[in-house]
A.B. asks: 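Dropping a structure here in structure tokens format, bear with me for questions.
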Protein chains: 2
Amino acid sequence: MTKQPKYHQVADVLRRDVVGGTYPPGARLPSESELQERFVASRNTVRAGLKLLASEGLISSSQGLGYEVRKHEVFELNASRFENLTFPQNGDAFSTDVTNAGRRPHQTFRVELAPASEYIAQRLKVAVGDTSVLRFCHRFVDDVPWSTQATQYPEWLVTKAPRLTEPGDIAEGTTRYMTGLGIEQIGYYDEIATRMPTPDEARLLEIGAGVPVLLWTRTGYSQERPIRCTVTTFRGDLNRMNYEIGDLSARTESEPQ
Amino acid sequence: MTKQPKYHQVADVLRRDVVGGTYPPGARLPSESELQERFVASRNTVRAGLKLLASEGLISSSQGLGYEVRKHEVFELNASRFENLTFPQNGDAFSTDVTNAGRRPHQTFRVELAPASEYIAQRLKVAVGDTSVLRFCHRFVDDVPWSTQATQYPEWLVTKAPRLTEPGDIAEGTTRYMTGLGIEQIGYYDEIATRMPTPDEARLLEIGAGVPVLLWTRTGYSQERPIRCTVTTFRGDLNRMNYEIGDLSARTESEPQ
DNA sequence: CACATCAGCTTGTACCAACAAGTTGAGCAG
DNA sequence: CTGCTCAACTTGTTGGTACAAGCTGATGTG
């Protein structure tokens, strides 16, 4: 056991208190000056310890109020059912899922023409900088920012599906709209990654320190070629994804919660 | 545009330099004292700015060496093919995947009996605290810690598949071994989440500040009930997962990269 | 009672100083 | 030339001070 720096010890003790339940989720921690007395340390040292816990996502602080233990209520997203290839539901999946969970959904839309980034171009199989239709969506649950979603469609699709450039939501859902036009999405390729948010993402999703984002990229394919690429950015502390693959009849009989 | 704190400005300028390529991945940043002169700020202020960038995962620092720009080389894991239900490959999937990528895999095994946590118990449909077989695996790529994997099997399985309690690897792969005994995994339920690492995880995976972990839980099912639960913890900066769902014949013809 | 003010708490920012500890390369002893 | 020592760099830790800024409840005024 090598000697650890004092601010590290402060963090360790407080972490044990937090995970042990001494300070339950939502509770307020002692103030910095109280912790100075408790640990016989300078304010800087106590703050370093608290900052460590904040960067682990355990606590958050606000000026004038103090430090409090983060509470996590995760929202589960079933990615393999999200837009079922065989049974597309009516309307958009987000609103129905959230409403079913007894929460209040809210979303804002924005549509624009944007050049394809390298990331998008590679997936849509178009050239970098080519025009694409960008449908951007900012989603809230009970007025808390939840995720952003940016779907880009290749330019050649617009002639077949002109309503894609319409501002605002497409009532019956874009997938269903396109299916009605004979543009059928018969498969998709999902990529999942995580990282810390960029300053822009942190602002949009109101993310504090110590909360990563979950990145979900879904590229949809027709028989011939990719027809859309959706990048969803989730707040990592509020979301979880799942996939159901194969026969899960043994699972569904007594669904936990 | 409200006035931003000075350490924030420091971070903004350096961030622009980093993402803009002034300091390419792997490059060393100017020392703290040089940055003090450049920004006309105290050492603490400069350090606060650098710490902000570190917590975003952009840079890392080491005592005596300085700050350097993080380089990301991600390893892609195909979760839907990882242990294909219809075509199980020989040996374990990790080693073959890594070797195919031209890298050198390495892994250590540990087997023990452990009580089921609430998380595990719920998924294996056993009581909390029930004995389970824990097969733990620590994986490296080119000697860099990559992921940890903990698979737990319910106790009732051991009578049917006694080799599960053997220490060390099971050469032909546990899935194939169990299939040979008539215990067939016909479906699985995947859950994906992200968060900052616990101190233990940070130590095992040698994770610095600003790097989240990607958590992948796979619960495997036979016709009747769950037969295993695997929790994999990835370094978020080095790994990405993907799922192929439906017909993707349009994708595979000219695979990018 | 309604409402504005303010004292007293909280955290946030910015500075200074000093020493510890890790790394590297110059330079000296053998 | 080899190998060791050490000075001079780097970041890490800990202490201090001062003031800014956000929040809350008590207080006093209309």
Side-chain angles (χ1 to χ4, degrees), chain A residues 1-14 18 23 26-70 199 202-203 206-210, chain B residues 1-15 18 23 26-70 199 202-203 206-211:
Chain A
M1 171 67 187
T2 64
K3 188 194 175 298
Q4 280 190 324
K6 195 185 264 191
Y7 79 98
H8 213 305
Q9 297 175 25
V10 171
D12 285 344
V13 171
L14 291 177
V18 168
Y23 304 116
R28 208 172 144 285
L29 260 59
S31 72
E32 290 176 356
S33 51
E34 286 176 279
L35 293 174
Q36 282 185 55
E37 291 184 16
R38 177 170 167 193
F39 292 106
V40 196
S42 73
R43 190 177 168 214
N44 280 344
T45 304
V46 169
R47 281 177 67 82
L50 290 165
K51 190 158 192 171
L52 192 55
L53 293 187
S55 76
E56 292 174 12
L58 283 180
I59 64 175
S60 64
S61 65
S62 29
Q63 196 169 358
L65 283 172
Y67 292 81
E68 79 168 42
V69 181
R70 276 237 177 83
R203 192 171 34 79
E206 288 174 24
I207 290 184
Chain B
M1 173 65 188
T2 63
K3 188 194 174 298
Q4 279 191 325
K6 194 185 265 188
Y7 78 98
H8 214 305
Q9 297 176 25
V10 171
D12 285 344
V13 171
L14 290 178
R15 189 187 300 108
V18 168
Y23 304 116
R28 209 171 143 285
L29 259 59
S31 72
E32 288 177 357
S33 51
E34 286 175 280
L35 294 174
Q36 281 186 55
E37 291 184 15
R38 176 170 167 192
F39 292 106
V40 195
S42 74
R43 187 178 168 213
N44 281 345
T45 303
V46 169
R47 280 177 67 82
L50 290 166
K51 189 159 191 169
L52 193 55
L53 294 187
S55 76
E56 293 173 11
L58 283 179
I59 63 174
S60 63
S61 64
S62 27
Q63 196 169 357
L65 283 172
Y67 293 81
E68 78 168 40
V69 181
R70 275 236 177 83
R203 193 172 33 78
E206 288 173 24
I207 290 184
V211 176

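A, B, ... follow the sequence lines: proteins, then strands. Residue 1 opens every chain.
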A.B. asks: So, does Arg47(A) get its side chain near the phosphate of dG12(C), meaning an N or O under 4.0 Å from OP1 or OP2?
C.D. replies: yes

A.B. asks: Name the residue closer to the 5' end of DNA chain D, choosing between Arg43(B) and Gln36(A) according to the nucleotide with the nearest heavy atom.
C.D. replies: Arg43(B)

A.B. asks: From C-beta outward on Gln63(B), which listed nucleotide comes closest to its side chain: dT13(C), dC15(C), dG12(D)?
C.D. replies: dG12(D)

A.B. asks: Below the 4.0 Å mark, does dG22(C) have OP1 or OP2 next to a side-chain nitrogen or oxygen of Ser62(B)?
C.D. replies: no

A.B. asks: Measure from the side-chain heavy atoms of Leu65(B) and tell me the nearest of dT23(C), dT14(D), dC15(C).
C.D. replies: dT23(C)

A.B. asks: Choose from dC15(C), dT13(C), dT10(D) the nucleotide whose nearest atom is closest to any side-chain atom of Asn44(B).
C.D. replies: dC15(C)

A.B. asks: If only side-chain N and O atoms of Ser31(A) are considered, is one of them under 4.0 Å from the OP1 or OP2 phosphate oxygen of dT10(C)?
C.D. replies: yes

A.B. asks: Heavy atoms from C-beta onward define the side chain here; which of dT14(D), dT11(D), dT24(C) lies closest to that of Ser61(B)?
C.D. replies: dT11(D)

A.B. asks: For the side chain of Glu32(A), starting at C-beta, report the closest nucleotide among dT11(C), dG15(D), dA14(C).
C.D. replies: dT11(C)

A.B. asks: Taking only side-chain nitrogens and oxygens of Lys51(B), does any of them come within less than 4.0 Å of OP1 or OP2 of dG12(D)?
C.D. replies: no

A.B. asks: Base, sugar-phosphate alone, or nothing: which one does Ala48(B) contact when heavy atoms must sit under 4.0 Å apart?
C.D. replies: nothing

A.B. asks: OP1 or OP2 of dT14(D) versus the side-chain N and O atoms of Thr45(A): is any pair under 4.0 Å?
C.D. replies: no

A.B. asks: Compare side-chain N and O positions of Tyr67(B) against OP1 and OP2 of dG12(D) and report whether any pair is under 4.0 Å apart.
C.D. replies: yes

